[in-house]
Amino acid sequence: MLLAIDAGNTNVVFALLDGRDIRARWRIATDPRRTADEYAVWLNQLLQLEGYAIADVDAVIIATVVPRALHNLQVLADKYFKTKALVAGQAPVDWGIELDVAEPASVGADRVVNAIAAHHLYQGDLIVIDFGTATTFDVVDYTGAYKGGIIAPGINLSLDALVAAAAKLPKIAIAPPESKSVIGRNTESQMHIGVFWGYVAMMEGLVARMRAEIGRPARVVSTGGLAVLFNDNSDIFDAIAPDLTIQGLALLHERSLKTE
């Protein structure tokens, strides 16, 4: 079985796959100091809870935007799963798509993996929105080429910055305001409106501008933890793909087997 690892700025997601089928998934807070031994103890217990064992894993693939976290994840694969981990964006793993941007080497591995999975799952021109520490908007054309995109502060990051910089503003949860009104009657409701509907307006505005620039119909595919929340309050999404990054890693692993 394949262990796919998506190491982001906030969380590391581990998924156990049989072919392209996800059998289990777990997440842990990203900490570059976490050792391979700590990962192994944690994963061993979770695998057993799902009815699996470390010996069931015979391949590991990693995508990371946190360089300092990579080494210990590679040691995890070597020491405990007895296999050399494939790393997205590093030889011998080939993206298999064109990165049609000014600096291909600077594109985050998660964004390319999302592009690969989105093009595999959906036809035509695509805009892929990934809600994470940052919210990224990525354009994938009808040939599967990655054409570039946008990086915006994630909604939690925006809220944390607001609360940290304004002494009298309270900490609030990310949730839709109780009313559709955009005129708040107290401090908390005004914050909810500004953060939530302001973010929706940003997404809708950017997607409209991107579609106009693409010049052809483009489907919007969203992924990440907040995709469902925003889908309930906006009509810009054509598809929700919660496991897009993991699906992309599974596809990369398949391709690497064919080129061996």
Side-chain angles (χ1 to χ4, degrees), residues 1-96 105-117 130-134 136 154 156-157 223-225 242-260:
M1 301 180 78
L2 172 67
L3 183 67
I5 305 173
D6 172 24
N9 289 299
T10 303
N11 292 305
V12 183
V13 177
F14 295 79
L16 186 67
L17 296 100
D18 186 359
R20 295 180 188 173
D21 296 327
I22 299 174
R23 298 302 188 191
R25 68 177 65 75
W26 312 279
R27 67 179 59 231
I28 192 170
T30 302
D31 182 355
R33 299 169 300 175
R34 186 171 285 114
T35 66
D37 301 325
E38 290 173 306
Y39 280 123
V41 170
W42 177 76
L43 274 172
N44 184 49
Q45 293 173 333
L46 291 170
L47 283 163
Q48 289 179 10
L49 286 172
E50 298 287 346
Y52 299 102
I54 281 181
D56 293 325
V57 175
D58 59 8
V60 176
I61 187 167
I62 304 167
T64 182
V65 294
V66 186
R68 289 178 56 222
L70 178 58
H71 174 71
N72 286 336
L73 291 170
Q74 290 174 306
V75 173
L76 170 70
D78 289 336
K79 183 176 180 180
Y80 291 98
F81 295 108
K82 311 302 181 185
T83 185
K84 183 175 177 61
L86 296 173
V87 180
Q90 296 184 14
V93 180
D94 181 67
W95 288 129
S106 70
V107 181
D110 55 340
R111 301 173 75 180
V112 184
V113 170
N114 284 347
I116 291 167
D130 188 353
F131 297 97
T133 306
T136 55
N156 283 297
L157 196 62
T223 189
D243 295 310
L244 197 64
T245 310
I246 297 301
Q247 290 169 313
L249 285 171
L251 289 168
L252 273 181
H253 177 255
E254 279 184 22
R255 292 177 185 175
S256 71
L257 293 178
K258 292 177 182 178
T259 58
E260 287 181 353

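In this structure, the side chain of Arg34 does not engage the main chain of Leu73 through any donor-acceptor pair within 3.5 Å. Between the Asp56 side chain and the Ala53 main chain, a donor and an acceptor come within less than 3.5 Å of each other. Put simply, the side chain of Thr83 never gets that close to the backbone of Ala59: no donor and acceptor are under 3.5 Å apart.
At a threshold of 4.5 Å between non-hydrogen side-chain atoms, the residues Leu86 and His253 count as touching. Counting heavy atoms from C-beta outward, Leu70 and Gln90 have side chains that approach closer than 4.5 Å. At a threshold of 4.5 Å between non-hydrogen side-chain atoms, the residues Ile5 and Tyr39 do not count as touching. Counting heavy atoms from C-beta outward, Asn9 and Thr30 have side chains that stay 4.5 Å or more apart. Here the side chains of Val57 and Leu16 are in contact, with some heavy-atom distance below 4.5 Å. For the pair Val41/Asp37, no side-chain contact is recorded, criterion being any heavy-atom separation below 4.5 Å from C-beta on.
For the atom pair Leu257 CG and Leu252 CG, the distance stands at 11.0 Å (nearest 0.5 Å). One finds the CG atom of Leu43 at 14.5 Å from the OH atom of Tyr52 (value rounded to the nearest 0.5 Å). Interatomic distance, CG of Leu17 versus CZ of Arg25, reported as 9.0 Å (0.5 Å rounding). Annotation: the span from Arg27 atom CZ to Leu46 atom CG amounts to 13.0 Å, rounded to 0.5 Å. Within the model, atoms OG1 of Thr223 and CG of Asp243 stand 7.0 Å from one another, a figure rounded to the nearest 0.5 Å. Rounding to the nearest 0.5 angstrom, the gap separating the CG atom in Leu76 from the CZ atom in Phe14 is 6.5 Å.
Considering only residues two or more places apart in sequence or on other chains, Tyr80 meets the ring-ring contact (aromatic ring centres under 6.0 Å, His included) condition with none of them.
Here the closest heavy-atom approach between residue Asn11 and residue Ala29 is recorded as OD1-CA, 3.7 Å. The minimum heavy-atom distance linking Gln74 with Val87 is given by the pair NE2-CG2, 3.6 Å. Between Val75 and Ala36 the shortest heavy-atom distance is CG1-CB, 3.5 Å. When all heavy atoms of Ala109 and Val65 are compared, the closest pair comes out as N-CG1, 4.3 Å. Of all the heavy atoms in Ala88 and Leu249, the pair that sits closest is CB-CD2, 4.3 Å. Shown here for Ala250 and Gly19, the closest heavy-atom pair between the two residues is CB-O, 4.4 Å.
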For this session: Test Val113 against Trp95 for side chain to side chain contact (heavy atoms under 4.5 Å, CB included), laying out the working first.
Result: CA-CA 8 Å; Val113 170; Trp95 288 129; 3.9 Å; yes
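A donor-acceptor pair shorter than 3.5 Å can be found between the side chains of Asn114 and Thr245.
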